[in-house]
Amino acid sequence: MITIIAAMDEDRLIGRGKELPWRLPEEMKHFQRTTSGSAVIFGRVTWESMTTTRPFLDGRINFVVTRRPSQWRGKVAESGFDPTFGPHFVDTIELAITRARREFPEYVETIYLAGGRQLYELALRRNLVDRMIISHVKGKHIGDVYFPPIGPEWTPRTLFESDTFDIIDYSRKV
């Protein structure tokens with residue numbers, strides 16, 4: 001199953017430059033719990049913003065989609081590439097999915113797409129996504145990166161509600 005995981009505000013805002021527009025530790029814990037033990041695919045900019053202390057997120061197979069995968073492989077090899085967790089650089093979402101399924105079958109019950117905007121748009125446009133787990137952050141924030149509109153082909157189901165964010169599970173209508 002291919003699942004988008006994202007957090008957005010009431011205007012579908014997901015980013016401010018290379019940062020999140022909010023600080024919600026509970027929402028970040030949700031991301032960690034949900035994606036742990038799985039393969040996670042990032043766009044390069046999102047990956048760079050999330051991996052400031054080491055080049056991969058622990059407990060997950062990390063794939064990074066970039067236009068220049070060979071350029072990044074060399075840079076990361078110097079700073080702590082892990083043969084299992086990665087990061088594994090590829091030039092398409094489809095190749096990341098194929099490699100995850102072939103090379104790491106124990107991690108691919110669910111493959112998560114974790115941003116950013118371009119990755120989400122491509123995956124939705126190419127009908128690669130079966131499910132979306134979206135944290136709807138309450139309020140409107142300042143930023144410049146937005147999630148694509150969620151169309152009528154998605155059925156929402158509330159998983160969690162709080163004062164600061166709700167988690168909605170969207171499944172594609174059959």
Taking all atoms of both residues into account, what is the closest heavy-atom pair of [X] and [Y], and its distance?
{"X": "G59", "Y": "Y107", "result": "O-CE2, 4.3 Å"}
{"X": "V40", "Y": "A114", "result": "CG1-CB, 3.6 Å"}
{"X": "T110", "Y": "S38", "result": "O-CB, 3.4 Å"}
{"X": "V108", "Y": "A39", "result": "CG1-CB, 4.2 Å"}
{"X": "I93", "Y": "A123", "result": "CD1-N, 3.9 Å"}
{"X": "P87", "Y": "V64", "result": "CB-CG2, 3.9 Å"}

Applying side-chain hydrogen bond (donor to acceptor under 3.5 Å, both in side chains), which residue pairs with at least one partner in residues 112-121 are found, sequence neighbours left out?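 Every pair satisfying side-chain hydrogen bond (donor to acceptor under 3.5 Å, both in side chains) with a residue in residues 112-121: R117-E121.
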Do I61 and V90 sit in the same hydrophobic cluster, where Ile, Leu, Val, Met, Phe, Trp and Tyr count as joined when their side-chain heavy atoms come under 4.5 Å apart?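 Same hydrophobic cluster.
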Cluster link V45 to L20, ILVMFWY, side chain under 4.5 Å: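 Result: no, two separate clusters.
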Kindly determine whether F42 and L119 satisfy side chain to side chain contact (heavy atoms under 4.5 Å, CB included), including the steps that lead there. CA-CA 7 Å; F42 304 96; L119 189 81; 5.7 Å; no
Could you work out, with side chain to side chain donor-acceptor pair (under 3.5 Å) as the rule, every residue matching [X], not counting sequence neighbours?
{"X": "T35", "answer": "R60"}
{"X": "T34", "answer": "H30"}
{"X": "R33", "answer": "none"}
{"X": "R131", "answer": "D169"}

Measure the spacing between [atom1] of [X] and [atom2] of [Y] and express it to the nearest 0.5 Å.
{"X": "L95", "Y": "H88", "atom1": "CG", "atom2": "NE2", "answer": "11.5 Å"}
{"X": "F31", "Y": "I133", "atom1": "CZ", "atom2": "CD1", "answer": "10.5 Å"}
{"X": "T155", "Y": "M132", "atom1": "OG1", "atom2": "CE", "answer": "10.0 Å"}
{"X": "I41", "Y": "T3", "atom1": "CD1", "atom2": "OG1", "answer": "10.5 Å"}

With sequence neighbours left out, what residues match K173 under salt bridge (Lys or Arg N to Asp or Glu O under 4.0 Å)?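 Result, salt bridge (Lys or Arg N to Asp or Glu O under 4.0 Å) vs K173: none returned.
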E26: salt bridge (Lys or Arg N to Asp or Glu O under 4.0 Å) partners, not counting sequence neighbours: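 Checked E26 against salt bridge (Lys or Arg N to Asp or Glu O under 4.0 Å); matches are K29.
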Pair up each side-chain donor or acceptor in residues 134-143 with any protein partner under 3.5 Å, not counting sequence neighbours, and list the distances.
unit_1: S135; atom_1: OG; unit_2: E27; atom_2: OE2; d: 2.8
unit_1: H136; atom_1: NE2; unit_2: Y170; atom_2: OH; d: 2.8
unit_1: K138; atom_1: NZ; unit_2: S162; atom_2: O; d: 2.5
unit_1: K138; atom_1: NZ; unit_2: D166; atom_2: OD1; d: 3.3

Does the side chain of [X] reach to within under 4.5 Å of the side chain of [Y], using non-hydrogen atoms?
{"X": "N127", "Y": "E153", "value": "no"}
{"X": "F147", "Y": "I4", "value": "yes"}
{"X": "L128", "Y": "L113", "value": "no"}

Apply side chain to side chain contact (heavy atoms under 4.5 Å, CB included) to residues D9 and W22 and explain how you reach the verdict. CA-CA 9 Å; D9 78 358; W22 45 76; 3.9 Å; yes
Whether F89 and W47 hold their rings parallel, tilted or perpendicular, with breakpoints at 30° and 60°: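 Judged by the thresholds at 30° and 60°, the geometry between F89 and W47 is perpendicular.
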Members sharing L13's hydrophobic cluster (side chains within less than 4.5 Å):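 Via sub-4.5 Å side-chain contacts, L13 links to Y146.
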Quiz: residues 97-105 side-chain donor-acceptor pairs under 3.5 angstrom, not counting sequence neighbours:
unit_1: T98; atom_1: OG1; unit_2: E94; atom_2: O; d: 3.0
unit_1: R99; atom_1: NE; unit_2: E103; atom_2: OE2; d: 2.8
unit_1: R99; atom_1: NH2; unit_2: E103; atom_2: OE1; d: 3.2

Run the side chain to side chain contact (heavy atoms under 4.5 Å, CB included) check on W154 and V129 step by step: do they pass? CA-CA 11 Å; W154 297 97; V129 180; 3.8 Å; yes
Can you list everything that forms a ring-ring contact (aromatic ring centres under 6.0 Å, His included) with F160? Sequence neighbours excluded, please.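 By the ring-ring contact (aromatic ring centres under 6.0 Å, His included) rule, F160 matches F165.
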Should the heavy atoms of other residues, nucleotides or ligands under 6.0 Å from CD of E106 be counted, would the total exceed 12?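 Atom CD in E106 is crowded, with more than 12 foreign heavy atoms closer than 6.0 Å.
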Under the side-chain contact (heavy atoms from CB on, under 4.5 Å) test, residues paired with D130 that sit two or more places apart: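 For D130, the residues satisfying side-chain contact (heavy atoms from CB on, under 4.5 Å) (neighbours in sequence not counted) are M1, I2.
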